[in-house]
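In this text, all values refer to a predicted model and were calculated from it rather than measured experimentally. Read the numbers this way: they start at 1 and go in the same order the structure lists the ligands and their atoms. Worth knowing before you read on, the calculation uses all heavy atoms, side chains too, and leaves out hydrogens, waters and symmetry mates.
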Amino acid sequence: MKFFIDTANLDQIKEAEELGILDGVTTNPSLMAKEGITGKENIIQHYVDICNIVNGDVSAEVIATDLEGMIREGEELAKLHKNIVVKIPMIKDGIKALKYFSNKGIKTNCTLVFSAGQALLAAKAGATYVSPFIGRLDDVSYDGIELIEQIRLIYDNYMFDTQILAASVRHTMHVIKCAEVGADVMTGPLSSIVGLLKHPLTDNGLAQFLADYAKGNS
Ligand code: E4P
């Protein structure tokens with residue numbers, strides 16, 4: 001399973017990259033705003049900065065919601081760096097845009113997916129990635145992991161190439177469950193990645209090993 005980090009914070013992206021297990025980055029307009037990145041030029045520069053840190057796919061979201069606008073913005077974004085993946089919302093013109101970019105060999109990530117039917121449409125349109133938002137489903141009492149399972153089954157039935165990018169991951173158990181049910185990628189905050197490291201028995205065990213070594217070598 002690929003690990004993407006879901007942030008526009010350059011320090012956190014660097015920290016995850018330095019671990020050596022980072023495969024890519026996802027961003028969205030809210031994450032950009034959270035870092036205080038506003039204005040087209042600054043946003044574009046920020047995408048380039050992210051691409052210069054990570055050797056992997058970086059999702060950059062279009063703001064337009066009409067086909068012509070999405071194509072214009074998506075083409076501009078795709079020219080920034082070879083790692084850019086154009087992030088397109090799951091709306092009617094978005095499906096057309098996914099098909100357009102797929103025909104041109106430009107990578108896409110279909111975002112704001114909340115149902116199996118939407119995921120089926122994204123795959124039919126040739127999306128590179130589909131992003132079901134599991135945390136936001138859990139927030140409203142739908143089972144996000146169950147949706148990943150459903151999409152996995154459908155994609156496997158028809159051998160769709162679209163990769164399931166489990167998005168809106170909030171914590172380590174989401175990561176583990178996504179791995180169990182066969183998500184191709186997960187994207188979450190840095191805490192959901194580094195949290196996987198933690199186990200009290202590891203810490204206790206290491207402390208004991210070091211203490212015993214110190215006793216025998218003092
Ligand atoms: C996906 O690409 C989105 O950026 C993201 O995962 C949304 O997560 P949230 O529900 O925690 O905002």
Going through the checks in order, is the salt bridge (Lys or Arg N to Asp or Glu O under 4.0 Å) test met by Asp139 and Arg170?
-> CA-CA 11 Å; Asp139 287 345; Arg170 301 275 170 76; 3.1 Å; yes
Quick one: nearest non-hydrogen protein atom to atom 8 (O) of ligand 1, plus distance?
-> Ser168 CA, 3.4 Å
Should Thr27 be counted as touching ligand 1, given the test is an N or O pair under 3.5 Å?
-> no
What about the rings of Phe4 and Tyr129, do their centers lie closer together than 6.0 Å?
-> yes
Can you find a side-chain donor-acceptor pair between Glu75 and Tyr100 that sits under 3.5 Å?
-> yes
Compute the shortest N/O to N/O distance between Arg170 and ligand 1 and return yes if it is under 3.5 Å, no if not.
-> yes
For Ala167, atoms of ligand 1 separated by under 4.0 Å from a heavy atom = 1 (C), 6 (O)
Criterion side chain to side chain donor-acceptor pair (under 3.5 Å) against Thr187, the qualifying member of Thr26, Thr7, Asp23 | Thr26
Spell out, as yes or no, whether a donor-acceptor pair under 3.5 Å connects the side chain of Asp57 to the backbone of Val85.
-> no
Kindly assign one of parallel, tilted or perpendicular to the pair Tyr158 and Phe160, based on the angle between their ring planes and the thresholds 30° and 60°.
-> tilted
When distances are taken from atom 2 (O) of ligand 1, the protein heavy atom at minimum range is Lys87 NZ, 2.7 Å
Identify whether the distance between the nearest side-chain nitrogen and carboxylate oxygen of Arg152 and Glu149 falls below 4.0 Å.
-> no
Report the member of Tyr129, Phe4, Phe133 with the shortest heavy-atom distance to atom 7 (C) of ligand 1.
-> Phe133
Consider every N or O of Arg136 and every N or O of ligand 1, then say whether any pair is closer than 3.5 Å.
-> yes
Assess Asp6 for proximity to ligand 1: is some non-hydrogen atom of it under 4.0 Å away?
-> yes
Starting from atom 4 (O) of ligand 1, which protein heavy atom do you reach first, and at what distance in Å?
-> Asn28 ND2, 2.7 Å
Would you say ligand 1 has an N or O under 3.5 Å from any N or O of Thr111?
-> no
